[in-house]
Amino acid sequence: MTETRFAEYLAALLVPPLAVFWVKGAGREFWLACLLTLLGYLPGVGFALITLLKPEPKPATA
């Protein structure tokens with residue numbers, strides 16, 4: 001595991017929206033992480049970890 005990934009996982013445990021922001025930017029996933037964290041800390045952490053662990057879709061090649 002690289003140092004960057006370690007920092008992302010640590011941020012996901014401590015401040016879930018920050019980790020999502022680092023990976024996805026200030027899009028829909030970030031705001032959903034903020035909402036889930038405000039509703040309950042564990043749902044925010046779970047969503048952040050799922051977002052970080054989800055593989056990126058590969059672009060289709062023609």
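Side-chain heavy atoms closer than 4.5 Å link hydrophobic residues (I, L, V, M, F, W, Y) into clusters, and following such links, even through other members, never connects L36 to W31. Under the 4.5 Å side-chain heavy-atom criterion for ILVMFWY residues, a single connected hydrophobic cluster contains both L18 and L14.
Across all their heavy atoms, T37 and P16 have their closest contact at OG1-CB, 3.7 Å. Across all non-hydrogen atoms, the minimal contact from V45 to A12 is CG2-O, 3.7 Å. When all heavy atoms of F30 and P17 are compared, the closest pair comes out as CD1-O, 3.4 Å. Across every non-hydrogen atom of W22 and A11, the tightest pair is CZ3-CB, 3.7 Å.
Here the rule is side chain to side chain contact (heavy atoms under 4.5 Å, CB included) with K24, and of L52, L32, T51 only T51 fits it.
No more than 12 heavy atoms of other residues, nucleotides or ligands lie within 6.0 Å of CZ in F21, so this atom counts as exposed by the packing criterion.
Within the 4.5 Å cutoff, side-chain heavy atoms of Y9 are placed close to those of L53.
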